[in-house]
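Right, one structure below, let's go through it.
First listed ligand is number 1; within each ligand, the first listed atom is number 1. Computed from a predicted model, the values in this text were never measured in an experiment. In this chain, residues are counted from 1 in sequence order.
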Amino acid sequence: MKSINLLTAIGMGALALTGCAKKSEPVKQPNIIFIMSDDHSYQTISAYSDKLIKTPNIDRIASGGVIFQNSFVGNSICGPSRATLLTGKHTHINGQINNRVTFDGSQETFPKLLQQAGYQTALVGKWHLRSNPTGFDYWNILPGQGEYYNPHFIEMGQKKRFEGYVTNLTTDFALDWLNGRDKTKPFCLLLHNKAPHRTWMPDTADLKLFADRQFELPDNFFDEYEGRQAAKEQKLSIRESDMDLVYDLKMADKEKEIVTPRPGLANGQRNRLKAMNPAQRKAWDAHYDPIIKDFKDRKLKGKELDEWKYQRYMHDYLGCIKSVDDNVGRVLDYLKANGLDENTIVVYTSDQGFYMGEHGWFDKRFMYEESFRTPLVMKLPKGYNKRGAVKQLVQNIDYAPTFLDLAGVKIPESVQGVSLKPLLKEGKVEKWRDALYYHYYEFPNEHMVKKHYGVRTDRYKLIHFYHDIDTWELFDLEKDPQEMHNLINDKAYAEVKTNLMKKLKELQVQYNDTDRSKY
Ligand code: SGN
Ligand code: CA
């Protein structure tokens, strides 16, 4: 075995380069594996907190490098986040302000620049940008949101259905590409999971994993949104029919006695079950049928029903994470077995954060912490010796310039993010940004989160909700990390407010977001 590994290693240009490098020197043109899941909250990664689940493989990435404690997105929703990843620009600049518009694939992106610098580039899994991917030597994407069971993939324009579970299949395709790639060139692989996106359908192997766990409700699960009008008027509540019993929580009883307000949704979930093969369906029903029966017998109401919904949600969401983590393990094992361990940076992140019942919610979109933040861990290649927590404020506009910088490619002037490279080496970083900018646009639409923009510093956050309302919110994150007390009219915070207003204006000028007439 050893000699085969050695032969493979010798065949690899990038590794050959490192072979000549001195011990502590960074690898020239490291390989890049960027794993991004869809809607994976930092609350459900044990490198951040093991209160809800253990994710040993994602944690392996963190322990081989760094864990960003203050990592954020610029617009907490899928398409916008992905366009920002590719361009290093906020969404009002790259045009992808919401999920409804089509990404302009003719613009400059980091995969295109890496290709020009000699990298092979590939994209596998969720894409959700409507136009065909550009800048990739190979792509194999899910159409739209993709399906969990027996999904279609579109491989370089050819649509085909595959039998199996989406997270396993996505990783299979990624590893197949790695195996077949031109081993004389460095590579950049984007592996984008569908999971754990709604409707949170775990693999049959993982259905029962959390069945016996009773999760504690978040302290602010029964939030009444005092002083926060936009929070009151959203439609992403677990406690309301926004979280549908049949669609989201799988109570698709055969008798069709459980009727929910949006029959279209229920039908959607029933159709998903019909698309399963007999073995998948058998395992599925063996798990859910007794839960459905018990649910019908108990006739829950009020807070008991709310709490039951929360438990069901957690069980299914966390079941999806288990498969994501297992598949991250497969990628790490592959790198190790193929001698790619030392010259590859492995990044794990999500397209945004997600609510695990905080404020009573699921979904994302708001600039409140749970969805504004996103997990970010990196296993670092040789020569990047920083380990443990990174505290600086970082944002998804920074990914593209970071990868370009690591590859030794000049970062275009028009890129709005900054390279994180200085944070990946030991030693003090003297100057760093002191505030982040955020802007969300998808209103009115599903979940009814109002348009808003805002600024966050280490300690404070200021948000302006606009369009059909005009409200401001100010939070002291040190005293009120759950963002329950809007201090906008609190005299004691008058000076803080003035400074934040000023900072917000500066950021809008810096990022060229002063003209809101077009939104
Ligand atoms: C779908 C979901 C929403 C979700 C959006 C955006 N509904 O519309 O709950 O907010 O995607 O998610 S579903 O009925 O289709 O599941 S995103 O991550 O793709 O931006
Ligand atoms: Ca998402």
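- A side-chain donor-acceptor contact under 3.5 Å links Tyr138 and Glu155.
- By the 4.0 Å N-to-carboxylate-O rule, Asp242 lies too far from Arg262 to be salt-bridged with it.
- Checked options Lys274, Arg272, Arg161; the residue passing with Glu147 is Arg272 (criterion: salt bridge (Lys or Arg N to Asp or Glu O under 4.0 Å)).
- Of all protein N, O or S atoms, those under 3.0 Å from the Ca ion (ligand 2) number 5.
- Relative ring orientation between Tyr313 and Tyr317 is described as perpendicular, the plane-to-plane angle rising above 60° on a 0-90° scale split at 30° and 60°.
- Classification of the His452-Tyr440 ring pair by plane angle, with boundaries at 30° and 60°, yields tilted.
- Ligand 1 is surrounded by Asp38, Asp39, Ile77, Cys78, Asn99, Lys126, His128, Gln145, His197, Arg198, Tyr247, Asp351, Gln352, Asp363, Lys364, Arg365, Glu446, His447, each with at least one heavy atom closer than 4.0 Å.
- For the pair His192 (side chain) and Trp127 (backbone), a donor-acceptor distance under 3.5 Å is absent.
- Because its NZ or CZ atom is not both nearer than 6.0 Å to the ring centre of Phe153 and within 45° of the ring axis, Lys159 does not count as a cation-pi partner of that residue.
- Distance check: Met356 CE to Ile238 CD1 gives 8.0 Å after rounding to the nearest 0.5 Å.
- Counting non-hydrogen atoms of neighbouring residues, nucleotides and ligands closer than 6.0 angstrom, the CD atom of Glu216 reaches no more than 12 such neighbours.
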